[in-house]
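Remarks on the structure that follows.
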Amino acid sequence: MSSNSWADVSESERAPSGGGWGYSRPSRTNYVPPHLRSRTPSSEFVAPSPGNNDRGGYGGANSGYGGRGQGYGGRGSGYGGRGGPVGGWNARSGGWDRRDTETNPFGNDGNADPAVNEQENTVINFEAYEDIPIETSGDNVPPPVNTFAEIDLGEALNLNIQRCKYVKPTPVQRNAIPILAAGRDLMACAQTGSGKTAAFCFPIISGIMKDQHIERPHGVRGVYPLAVILSPTRELACQIHDEARKFSYQTGVKVVVAYGGTPVNQQIRELERGVDILVATPGRLNDLLERGRVSLQMVRFLALDEADRMLDMGFEPQIRKIVQQMDMPPPGVRQTMLFSATFPREIQRLASDFLSNYIFLAVGRVGSSTDLIVQRVEFVHDSDKRSHLMDLLHAQRENGNQGKQALTLVFVETKKGADSLENWLCINGFPATTIHGDRSQQEREVALRSFKTGRTPILVATDVAARGLDIPHVAHVVNFDLPNDIDDYVHRIGRTGRAGNSGLATAFFNDNNTTMAKPLAELMQEANQEVPDWLTRYASRASFGGGKNRRSGGRFGGRDFRRESFSRGGGGADYYGGGGGYGGVPGGGYGAMPGGYGPVPGGGYGNVPGGGYAPYGRGGGAYYGPGGYGTVPNQGYGPGVASAWD
DNA sequence: AAAAAAC
């Protein structure tokens, strides 16, 4: 049999009865997309009955987990004979035999057992989550959950969640997963480092597992992914792929990544070995679509990571082509999920083209991000930037661990500037590398790895590295050149202070950045940062950054634009419903940082011992308090690993 | 104006 679209698949195929895997899409019950309205009733979507959620699968005693003898991960242990993939790439039923040979994404052989897997464990402050402000809007918003177990994601996925050492869902996960599991479209705005990748991957993987039996067309050539995840950069696509592979280990769900700068034929071969979830950058995906190597007609899940970037001027035409001008099912047939830390109004308006009766979700103040990032702004003329950077790096080296240079990510405006600064740093005894779009893909990957491992602890980057990349232990982000958009600033500084660790962000400001004065001052103030008087003076000049910036009004990039029209009046009504603005709950309930950079008081983010950040010492040297930078232990944090929290 | 993203 050959199905030509998701809607053609019969109900019984979509939702196996009695299996408890019922795929529930309550919001879709009556929706028939325009292009299908003339079809026969049998092809119309009928919502299957809600699935049982009472299987007890994941719950309490962890049936199966920890039982080492149970053989879930046993290579060759019991998933049936490897009779060769049935029917080739498109045989979902062939999913089982894939697992025998699936390489373990969690590390070395033998570490697949969640009980013994000793991964690097980045912890996150779950206590702080109690106060996180959440805003949702839309029709019939499914309530949040407090545990992963409350959603029946499936046993294999639950095991992977354990292998990842995710104990509790982060706020964005608590809210987004039930929304997505209910089949709803979603626009989600959650801070950098808050666990967005898992928030969209879990429901996608779970949804595909529930429909393992769906048959896809037997094309002469071309593959039919069930889910597409788009990313604005190649490295981020890679990272999402790595994460998604962990989440889908032993589930029978196959994840493949496709991006440019690398031989296309190899990727095509990989695709032809089977793909359920395709992670891609837009250019390469369009290439594959034009070549007829990929068809989108079976796509049920579409996720745009860094969605506001994907829909900005540079990317919008490519995204429209993929989403609207190829064979992708329309909104309401596919499920669409957009995630970012920032969501400017005009982009929201654009994005609503891609969504159907969607829910808007804004999650503020997640365990790291802005609150654990100390932001500094210094007035530095262009001609002084290099020597000033040198001062920072020297101070850091002197105060760092065993004289080692802490990982420092330096953002510049241009590719040329990146090369030039990198060269200058190297000449001056600071091991640096660079990542930008003029370098070959191999060079980019080498640079990133070299930075991550600390071999070259300084990475000079353009905005290619601004979004989504999860690089553990970045102690310091330097905005050597400020971006022109406050949202870009938010994403850049979000490369530090991730998953509960603290971080420092230093920006060099001068007369070329006057349009940033106001939004920057506001952002810093809202994040309880010390705003220098000179910056406040710049900000107060009407001509400086007053009009241009969309964030003026003092809100974090996330209020549902559909509500703007009737909730004006609030005087730029704040997104979190209070005077606090960015991360501010009315009444300042967050245990805001007291003036300066002292320790965060208890009750806020837990303790940051070590004296926090010493006041900025003019004489050089004292950027970091005693106790050292990057040595801030995470006390009182629940276990929970993240390697990619965006 | 720059950056990113296909060959």
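Residue numbers begin at 1 in each chain, while the letters A, B, ... track the order of the sequences.
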(message) For A:F480 and A:F508, take the angle between the two ring planes, folded into 0 to 90°, and tell me which bin it lands in: parallel under 30, tilted 30 to 60, perpendicular over 60.
(response)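 Taking A:F508 first and then A:F480, their aromatic rings sit tilted (interplane angle of 30° to 60°).
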(message) If you assign each of A:K416 and A:G260 to its closest nucleotide in DNA chain B, which residue comes earlier from the 5' end?
(response)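 The residue mapped nearer the 5' terminus is A:K416.
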(message) Is there, by distance only and without an angle test, a donor paired with an acceptor across the side chain of A:Q318 and the base of B:dA5 below 3.5 Å?
(response)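 A donor-acceptor contact between them is present.
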(message) What contact category does A:G437 fall into here, base, sugar-phosphate, or nothing, at under 4.0 angstrom with non-hydrogen atoms?
(response)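 Sugar-phosphate contact only - A:G437 comes under 4.0 Å of backbone atoms but never of a base.
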(request) Tell me what A:S231 touches on the nucleic acid: a base, only sugar-phosphate, or nothing, going by heavy atoms under 4.0 Å. (result)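 Result for A:S231 = nothing.
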Over how many whole Å does the gap from [X] atom [atom1] to [N] atom [atom2] extend?
| X | N | atom1 | atom2 | answer |
| --- | --- | --- | --- | --- |
| A:L236 | B:dA3 | CG | C1' | 15 Å |
| A:I322 | B:dA5 | CD1 | P | 13 Å |
| A:N265 | B:dA6 | CG | P | 16 Å |
| A:R234 | B:dA6 | CZ | P | 5 Å |
| A:Q441 | B:dA5 | CD | P | 7 Å |
| A:D308 | B:dA4 | CG | C1' | 14 Å |
| A:R439 | B:dA4 | CZ | C1' | 17 Å |
| A:L311 | B:dA5 | CG | P | 17 Å |

Would you say [X] places a side-chain N or O within less than 4.0 Å of OP1 or OP2 belonging to [N]?
| X | N | value |
| --- | --- | --- |
| A:T462 | B:dA2 | no |
| A:R444 | B:dA5 | yes |
| A:K415 | B:dA4 | yes |

(message) For A:R309 and A:D488: C-alpha separation, side-chain torsions, deciding distance, then whether side chain to side chain contact (heavy atoms under 4.5 Å, CB included) applies.
(response) CA-CA 9 Å; A:R309 165 62 80 238; A:D488 291 335; 3.0 Å; yes
(message) Less than 6.0 angstrom separating the ring centers of A:F360 and A:F343, yes or no?
(response)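 That pair fails the under 6.0 Å test.
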(request) Indicate yes or no: does A:R245 engage A:E102 in a salt bridge with an N to O separation below 4.0 Å. (result)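 Between A:E102 and A:R245 there is no salt bridge, as every charged N stays at least 4.0 Å from the carboxylate O atoms.
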(message) Could you check whether any side-chain heavy atom of A:M337 comes within less than 4.5 Å of a side-chain heavy atom of A:I204, counting everything from C-beta outward?
(response)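 A side-chain contact exists here, since the closest heavy-atom pair is under 4.5 Å.
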(message) Of the options B:dA1, B:dA6, B:dA4, whose atoms approach the side-chain atoms of A:Y259 most closely?
(response)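 Output: B:dA6.
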(request) Give the nucleotide from the list B:dA5, B:dA3, B:dA4 with an atom nearest to the side chain of A:T414. (result)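 For the A:T414 side chain, the nearest candidate turns out to be B:dA3.
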